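Chain letters run A, B, ... following the sequence lines, proteins first, then strands; residues in each count from 1. Note that this is a predicted model, so its numbers are computed, not measured.
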There are 2 protein chains.
Amino acid sequence: MAGLRAKHKAERADRILAQAMALFHEASFDAVRMEDIAAAAEVSTGTVYNYFATKGDVLLALVSLEVEEVLELGAAVVAAPPEGLAEALDALIGGYYEHSLTYLTKDLWRQAIALTIGAPGTRFSLIYAGLDDRLRAQVADLLIACRGQLRPGLALAPLADMIFGSLNQAFTDFVRVEEMEMASLLTAMRARHAALAQALA
Amino acid sequence: MAGLRAKHKAERADRILAQAMALFHEASFDAVRMEDIAAAAEVSTGTVYNYFATKGDVLLALVSLEVEEVLELGAAVVAAPPEGLAEALDALIGGYYEHSLTYLTKDLWRQAIALTIGAPGTRFSLIYAGLDDRLRAQVADLLIACRGQLRPGLALAPLADMIFGSLNQAFTDFVRVEEMEMASLLTAMRARHAALAQALA
DNA sequence: CTTCAAAAATGAACCGACCCCATCCTGAAT
DNA sequence: ATTCAGGATGGGGTCGGTTCATTTTTGAAG
């Protein structure tokens with residue numbers, strides 16, 4: 001049966017993740033050693049590697065948590081978007097951004113993004129890319145949901161790709177600069193959405 | 001005087017860079033060790049660190065070469081843009097992309113981008129960000145140069161930021177997938193530019 | 001020439017991620 | 001209770017980037 005053994009296993013994985021999260025909030029990703037995580041979770045270093053193939057995979061598990069919740073939030077917006085393209089984009093994308101620091105720090109996002117780019121083809125990168133694609137699809141869905149308010153005959157798919165590319169890059173720029181405030185990110189994006197909505201109306 | 005000493009120093013730096021470039025084209029960035037670069041340049045490992053503070057700084061020197069040339073190309077396009085916004089964007093951005101693999105490989109771009117994101121505040125990251133800003137400014141300049149062909153009253157600055165964000169992200173996506181062809185990147189971007197130009201006309 | 005302080009080169013040593021493996025522990029099936 | 005397989009253990013090892021104390025080279029002054 002899958003009883004105690006599996007339960008212990010799940011508990012151990014949870015404990016490792018929880019401790020890793022705590023340590024990553026106290027110090028930077030780089031400053032936390034696998035040995036530290038193991039010690040905090042009261043297991044041996046080897047055991048951590050039994051659950052997570054690399055330090056990056058520990059991070060990925062934390063990122064997934066965050067992104068799954070962001071996707072849920074986004075689905076709600078797409079299902080009932082506010083009036084007006086600019087407002088709808090503000091709601092969706094602002095929602096992404098505002099939730100993004102619930103569990104993770106800017107440093108953790110930086111390391112996650114750097115890993116996806118620097119190590120493509122790894123488990124980490126593939127899963128991360130999958131999450132990204134689901135976000136991209138949500139943006140496209142929102143445009144489609146709002147198409148009644150747009151000039152007819154527009155090529156929505158390339159526009160959605162452009163919007164997603166731009167929001168993704170803006171987020172990367174945001175986490176890259178430790179001092180940048182969430183408010184200024186939101187303001188900048190609102191300006192973009194307003195300009196775009198004006199052009200597409 | 002500045003004679004022999006400085007000359008030798010410059011020569012050695014060049015030799016290290018040239019050998020690094022050659023090795024990076026034979027194997028991946030990660031697979032090339034600092035020791036290999038040192039051996040190829042016929043100096044000791046420590047000496048390489050005398051010239052470049054980190055492995056990333058070696059890469060940065062190569063990236064700068066590439067980007068400086070791209071910026072020159074771009075300046076020519078901005079000075080005399082082709083008729084039509086879509087055509088102008090195709091020329092500028094297509095020019096960026098097509099030159100980007102002259103000296104560097106996709107792998108080198110990936111590592112460079114990953115480093116800027118993962119290690120902000122380092123010399124590497126700051127210089128890279130500076131190059132990026134000059135590209136961003138060029139896109140804004142092109143929009144201004146084309147403003148006669150656009151609907152009046154548009155907020156050009158946010159639009160330029162959005163276009164730049166999207167082209168940057170598209171490039172990152174391009175280098176992330178080893179199999180993706182330059183032609184398909186160019187095609188995708190042409191679709192975006194056409195859609196945008198239609199909306200802004 | 002010789003001298004010498006500064007500049008530069010050197011390579012051994014350090015550190016942390018990751019791997020390996022001989023050994024021990026523990027839950028489940030008999 | 002006993003057996004046994006799947007994990008856990010943790011010490012030792014590899015690897016590569018980076019550091020640093022030490023040695024060598026340099027070029028200008030005496």
Side-chain angles (χ1 to χ4, degrees), chain A residues 1-17 19-20 23-24 27-61 107-108 111-112 114-115 118-119 121-125, chain B residues 1-17 19-20 23-24 26-62 107-108 111-112 114-115 118-119 121-125:
Chain A
M1 242 319 74
L4 249 192
R5 205 147 219 154
K7 192 176 155 199
H8 279 172
K9 195 166 164 161
E11 280 172 1
R12 228 184 286 252
D14 286 349
R15 202 164 68 235
I16 291 170
L17 277 184
Q19 296 299 327
L23 290 173
F24 287 150
S28 72
F29 181 75
D30 283 341
V32 175
R33 295 168 308 159
M34 288 300 260
E35 194 185 327
D36 299 331
I37 296 174
E42 299 182 304
V43 297
S44 73
T45 311
T47 300
V48 176
Y49 278 95
N50 234 325
Y51 287 84
F52 302 96
T54 68
K55 194 178 177 184
D57 279 359
V58 176
L59 178 55
L60 176 61
D107 177 58
L108 292 176
Q111 303 312 320
L115 277 173
T122 58
R123 186 188 121 80
F124 185 106
S125 191
Chain B
M1 68 173 37
L4 209 48
R5 204 151 222 161
K7 190 176 158 199
H8 277 172
K9 196 166 164 160
E11 279 173 1
R12 228 185 281 252
D14 285 350
R15 199 165 71 235
I16 292 170
L17 276 184
Q19 295 299 328
L23 290 174
F24 287 150
E26 287 166 22
S28 72
F29 181 73
D30 282 340
V32 174
R33 297 168 307 159
M34 288 299 262
E35 194 185 328
D36 298 331
I37 297 174
E42 298 182 305
V43 297
S44 73
T45 311
T47 299
V48 176
Y49 277 93
N50 239 328
Y51 289 83
F52 302 96
T54 68
K55 194 179 178 184
D57 279 1
V58 176
L59 177 55
L60 177 61
L62 302 177
D107 177 58
L108 292 176
Q111 303 311 321
L115 277 172
T122 59
R123 188 188 121 79
F124 185 107
S125 190

What is the distance, rounded to the nearest whole Å, between atom [atom1] of [X] and atom [atom2] of [N]?
X	N	atom1	atom2	answer
A:Met34	D:dC15	CE	P	20 Å
A:Gln111	C:dG16	CD	P	16 Å
A:Asp57	C:dC18	CG	P	9 Å
A:Lys7	D:dG7	NZ	C1'	18 Å
A:Leu59	C:dC18	CG	C1'	17 Å
B:Asp36	D:dG17	CG	P	8 Å
B:Asp30	D:dC15	CG	P	16 Å
B:Phe124	D:dG17	CZ	P	15 Å

Search all heavy atoms of [X] against all heavy atoms of [Y] and return the closest pair with its distance.
X	Y	answer
B:Leu17	B:Val58	CD2-O, 3.8 Å
B:Ala119	B:Ser125	O-CB, 3.3 Å
B:Arg15	B:Val43	NH2-CG1, 4.0 Å

Considering only heavy side-chain atoms of B:Lys55, the closest of D:dA8, C:dC18, D:dG17 is D:dG17
Per the under-4.0 Å heavy-atom filter, residues of residues 38-50 of chain A near DNA chain D come out as A:Val43, A:Ser44, A:Thr47, A:Asn50
Which is it for A:Glu11 and A:His8 under the side chain to side chain contact (heavy atoms under 4.5 Å, CB included) test, yes or no, and what are the steps along the way? CA-CA 5 Å; A:Glu11 280 172 1; A:His8 279 172; 3.8 Å; yes
Quick check against the 3.5 Å criterion: does B:Gln111 have a side-chain atom that pairs as donor or acceptor with the backbone of A:Gly118?
yes
Handout entry: side chain to side chain contact (heavy atoms under 4.5 Å, CB included) between A:Phe29 and A:Leu59, intermediate numbers included
Key = CA-CA 9 Å; A:Phe29 181 75; A:Leu59 178 55; 3.9 Å; yes
| task | Under 4.0 Å between any heavy atoms, over every strand shown, what does A:Tyr51 touch: base, sugar-phosphate, or nothing? Just pick one. | result | sugar-phosphate
Report task. Name the nucleic acid region contacted by A:Val58, choosing base, sugar-phosphate or nothing; use a 4.0 angstrom heavy-atom cut-off, strictly under. Result -> nothing
Is A:Lys9 near enough to D:dG7 that one of its side-chain N or O atoms lies under 4.0 angstrom from OP1 or OP2? yes
### Message
Is there a side-chain contact between A:Arg33 and the phosphate of C:dC18, meaning an N or O under 4.0 Å from OP1 or OP2?
### Response
no
Which of A:Leu60, A:Ile16, A:Ile37, A:Thr47 passes side-chain contact (heavy atoms from CB on, under 4.5 Å) with A:Phe52? It is A:Ile16
